[in-house]
Amino acid sequence: EAGVAQSPRYKIIEKRQSVAFWCNPISGHATLYWYQQILGQGPKLLIQFQNNGVVDDSQLPKDRFSAERLKGVDSTLKIQPAKLEDSAVYLCASSPIRGSYNEQFFGPGTRLTVL
Amino acid sequence: GIQVEQSPPDLILQEGANSTLRCNFSDSVNNLQWFHQNPWGQLINLFYIPSGTKQNGRLSATTVATERYSLLYISSSQTTDSGVYFCAVIHSGYALNFGKGTSLLVTP
């Protein structure tokens, strides 16, 4: 079974530029999450999707971050414009069953550096 | 929100040694997972263990939900065990709340 896929793996941009990350969850997984991991800390939730609907985006800085999940499968996370403090690893995770507390599986992450 | 505290924050072991990592949480949980983050940043699932005991090779974990803690045991450590070990819980909603991790270095 293929794991969670993410691209790109690394991205370096200047502040005020825009950037987009892509995630493909494990096949059949209904729930998709985006987490942000700042160096030296544990990951923190940005947004959670159930199929193609948003369940929780309370921690998403909506003035600059946006996310969508097309047809309940792939997802993209966008930052526009980027700030220096957005430098972090962006992790996508998925879990199999809607509305459950099932195990979450993580992708390899995208390491973003904002200069 | 729920507090997740991991100890020790850092650990250095010689190859072959055993260790115990601890995770304390401040409220009841619906999910608890242990992860190993390797030097390339990949979070690898070790255990899904909201309660009880599980074993997988040299690793085992125990969660005592009523006393709000979980333990991860690593036996006969190897250099490939190096990295950061995270405990993460779900208290409300469905998002994992992570501790700050235990950074483990296993030396030859």
Side-chain angles (χ1 to χ4, degrees), chain A residues 1 3-6 8-11 23 26 29-51 53-60 67 87-113, chain B residues 1-7 9-10 21-52 54 56 61 63 65 70 72 83-104:
Chain A
E1 177 179 81
V4 177
Q6 290 189 246
R9 293 296 311 278
Y10 305 92
K11 191 76 176 177
C23 172
I26 293 172
H29 280 196
T31 310
L32 185 148
Y33 310 80
W34 284 100
Y35 289 82
Q36 180 193 58
Q37 185 178 20
I38 293 172
L39 186 65
Q41 300 179 18
K44 294 182 180 177
L45 181 75
L46 289 174
I47 188 168
Q48 175 193 344
F49 292 93
Q50 194 82 279
N51 296 311
V54 175
V55 174
D56 182 357
D57 64 355
S58 57
Q59 301 304 308
L60 189 72
S87 294
V89 176
Y90 291 84
L91 294 160
C92 180
S94 68
S95 64
I97 299 176
R98 174 178 180 162
S100 76
Y101 302 108
N102 269 38
E103 191 172 2
Q104 294 184 24
F105 297 87
F106 284 78
T110 296
R111 186 176 299 274
L112 173 67
T113 301
Chain B
I2 192 168
Q3 304 300 311
V4 181
E5 295 182 357
Q6 292 186 241
S7 60
D10 302 281
L21 281 57
R22 187 176 181 101
C23 172
N24 292 333
F25 41 94
S26 60
D27 209 331
S28 61
V29 297
N30 297 304
N31 176 2
L32 189 146
Q33 290 185 239
W34 282 98
F35 297 92
H36 175 214
Q37 190 162 44
N38 65 23
W40 297 270
Q42 174 79 56
L43 276 171
I44 299 165
N45 289 41
L46 297 177
F47 294 102
Y48 169 72
I49 188 166
S51 63
K54 292 186 177 180
N56 184 4
T63 297
S70 183
L72 176 68
V84 181
Y85 289 80
F86 285 105
C87 168
V89 305
I90 294 179
H91 167 60
S92 61
Y94 299 99
L96 286 168
N97 295 274
F98 284 77
K100 293 184 177 180
T102 291
S103 180
L104 174 64

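Chain letters run A, B, ... following the sequence lines, proteins first and then strands; every chain starts at 1. Just so it is clear, the structure is predicted and the values come from calculations on it, not from any experiment.
Between A:Leu91 and B:Leu43, the shortest heavy-atom contact is CD1-CD1, 3.9 Å. Scanning both residues, A:Phe106 and B:Gln42, for their nearest heavy atoms gives O-NE2, 3.2 Å. Shortest non-hydrogen contact noted between B:Leu96 and A:Tyr35 is N-OH, 3.0 Å. The minimum heavy-atom distance between B:Tyr94 and A:Gln104, with the atom names listed, is O-NE2, 2.9 Å.
At distances below 3.5 Å, not a single donor-acceptor pair connects side-chain atoms of A:Glu103 with backbone N or O atoms of B:Ile49.
With a 4.5 Å cut-off on non-hydrogen atoms, B:Gln37 touches chain A through its side chain but not through its backbone. Looking at A:Gln37, the atoms closer than 4.5 Å to chain B (heavy atoms on both sides) all sit in the side chain, from C-beta outward.
We find the OG-CD1 distance between A:Ser95 and B:Ile90 to be 7.5 Å, quoted to the nearest 0.5 Å.
No more than 12 heavy-atom neighbours from other residues, nucleotides or ligands sit within 6.0 angstrom of CZ on A:Arg111. For B:Glu5, the CD atom counts as loosely surrounded, since its 6.0 Å shell holds 12 or fewer non-hydrogen atoms of other residues, nucleotides or ligands.
Counting heavy-atom pairs closer than 4.5 Å to chain B, the top-ranked of the candidates A:Pro43, A:Ala93, A:Gly107, A:Pro108 is A:Pro43. If you tally non-hydrogen atom pairs under 4.5 Å between each of B:Asn31, B:Val4, B:Asn45, B:Val84 and chain A, the highest count goes to B:Asn45.
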